[in-house]
2 protein chains.
Amino acid sequence: MKENFKENHPECREMILPVRDALDVISGKWKISILIAMSLGNKRFMELQNAIPNITPRMLSKELKELEMNLLIERKVYDSFPPVIEYERTAHAQTLEPLIEELRRWGEYHRLVVTGTNIHHPVKEFQD
Amino acid sequence: MKENFKENHPECREMILPVRDALDVISGKWKISILIAMSLGNKRFMELQNAIPNITPRMLSKELKELEMNLLIERKVYDSFPPVIEYERTAHAQTLEPLIEELRRWGEYHRLVVTGTNIHHPVKEFQD
DNA sequence: CAGCATCCCGGCAGATACTG
DNA sequence: CAGTATCTGCCGGGATGCTG
């Protein structure tokens, strides 16, 4: 998967690899939901599970681990009694904000386009 | 998948849905490669298959269909002899450019971060 | 509470062969 | 050339139950 355009277009491979890296990091099924739930102040495992309907502990655990490996969140263990575990977004997660906002904007626009609004401009180009 | 934050945070659901829409459209395994190969001038099925190493005709066909359904490409049949079929990016695909560029930028930056560049002020370094 | 272990199933996607 | 058909392995991810 990483070796697209291996021999043909080395300059393209250099363009595609970072794009796929970015997509791999954020396109997990629950990752965006988790990051947003955390930005709303949910920090603990149970809080996240409650905030995100339908997620199973197994999936939550798995996605949290991947987010942590990608340095987007940090797992903090306070050995109070009872011990408390909290997850927090890192500074690196902040750098994702513009990208997520761009995804949101394009996603909204795209929905307008595919649901057939001819209010806008470029739509008429793909009507036969 | 679409019903995250159903009851808890309706405003979040409205944020997540478009993001997931956008991701669903572009995060197919070969979609970015196909769009880039097309932007390089590859139009015909065989050209695309040659330009994208390791893709099978089955996958190419499937991804082309999905891109077409999302109005990102257009399938044109010229009934010359022999009949020629060409795929072209639509105007709507142009609107994806800033998003892909943002993905590429963040993907590159992210790789720097995870491969251990010691960053003290991540946000500042990320900006141009 | 914060997860891990197990079982299991549907679908993604590769390999290969075939068609108009 | 531009795909389709079939067979198959793999694994993402749900359900359930269990632990420290």
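Proteins come first, then strands; the chains are lettered A, B, ... in the order of their sequence lines, and each starts at number 1. Everything numeric here is computed off the predicted structure, so don't read it as measured data.
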**Message:** Give me the atom names and distance for the closest heavy-atom approach of Arg20(A) to Lys29(B).
**Reply:** NH1-O, 3.6 Å

**side chain to side chain donor-acceptor pair (under 3.5 Å) involving Glu86(A) - partner list, sequence neighbours excluded** = none

**Message:** Just the rounded figure in Å: distance from C1' of dG14(C) to CG of Leu60(B).
**Reply:** 14 Å

**Request:** Could you state the atom-to-atom distance from CD of Glu68(A) to P of dA2(C) in whole Å?
**Result:** 15 Å

**Request:** Please state how far atom CD in Glu86(B) lies from atom P in dA2(D), giving the value in whole angstrom units.
**Result:** 9 Å

**Asked** To the nearest 0.5 Å, what is the distance between CG (Leu35(B)) and CD1 (Ile26(B))?
**Response** 9.5 Å

Dump every N/O contact between nucleotides 8-14 of chain D and the protein below 3.5 Å, one line per pair.
from, atom 1, to, atom 2, distance (Å)
dG13(D), N7, Arg58(A), NH2, 2.5
dG14(D), OP1, Lys29(A), NZ, 2.5
dG14(D), O6, Arg58(A), NE, 3.4

**Request:** Look at the side chain of Arg75(A) and decide which nucleotide, out of dA2(C), dG3(D), dC4(C), has an atom nearest to it.
**Result:** dA2(C)

**Prompt:** Quick one: is Tyr87(A) getting a side-chain N or O under 4.0 Å of the dG3(C) phosphate, OP1 or OP2?
**Reply:** yes

What are the atom names and distances for every N/O pair under 3.5 Å that joins the protein to nucleotides 17-20 of chain D?
none

**Request:** May I ask you to evaluate whether Arg44(B) reaches the phosphate of dA2(D), defined as a side-chain N or O under 4.0 Å from OP1 or OP2?
**Result:** yes

**Prompt:** Does the side chain of Val77(B) come within less than 4.5 Å of Val84(B)'s, by heavy atoms?
**Reply:** no

**Asked** Think Ser61(B) has a side-chain N or O under 4.0 angstrom from the OP1 or OP2 of dT4(D)?
**Response** yes

**Prompt:** To the nearest angstrom, how far is Glu66(A) atom CD from dG3(C) atom C1'?
**Reply:** 16 Å

**Request:** Report the distance from atom CD of Gln49(B) to atom C1' of dA2(D), rounded to the nearest whole Å.
**Result:** 9 Å

**Item:** SB check Glu63(B) Arg58(B) (cutoff 4.0 Å)
**Value:** no

**Any donor-acceptor pair under 3.5 Å from Glu47(B) side chain to Arg44(B) backbone** = yes

**Asked** Phe81(B): which other cluster members, linking ILVMFWY side chains closer than 4.5 Å, directly or transitively?
**Response** none

**Prompt:** Should Trp106(A) and Glu102(B) count as side-chain neighbours, where that means a heavy-atom distance under 4.5 Å?
**Reply:** no

**Asked** Below 4.0 angstrom from OP1 or OP2 of dT4(D), is there any side-chain N or O of Lys65(B)?
**Response** yes

**Prompt:** Are side-chain heavy atoms of Ile16(A) and Val19(A) found at a separation under 4.5 Å?
**Reply:** no

**Item:** Any residue meeting salt bridge (Lys or Arg N to Asp or Glu O under 4.0 Å) with Glu66(A), in chain and number order, not counting sequence neighbours
**Value:** Lys31(A), Lys62(A)

**Prompt:** Between Ile52(B), Leu60(B), Asn54(B), Ile55(B), which is the residue that forms a side chain to side chain contact (heavy atoms under 4.5 Å, CB included) with Ser33(B)?
**Reply:** Ile52(B)

**Asked** Using the C1' atoms of the five pairs at each end, what is the angle between the end axes of the helix from dC1(C)-dG20(D) to dG20(C)-dC1(D), to 10°?
**Response** 50°

**Prompt:** dG3(C) P sits how many Å from Leu67(A) CG, rounded?
**Reply:** 13 Å

**Request:** Decide, yes or no, whether a salt bridge links Arg104(B) with Glu101(B) under the criterion of side-chain N to carboxylate O below 4.0 Å.
**Result:** yes

**Request:** Take atom CD1 of Ile34(B) and atom C1' of dA13(C), then tell me their distance rounded to the nearest Å.
**Result:** 14 Å

**Request:** Measure the distance from OH on Tyr78(A) to P on dC1(C) and round it to the nearest whole Å.
**Result:** 19 Å

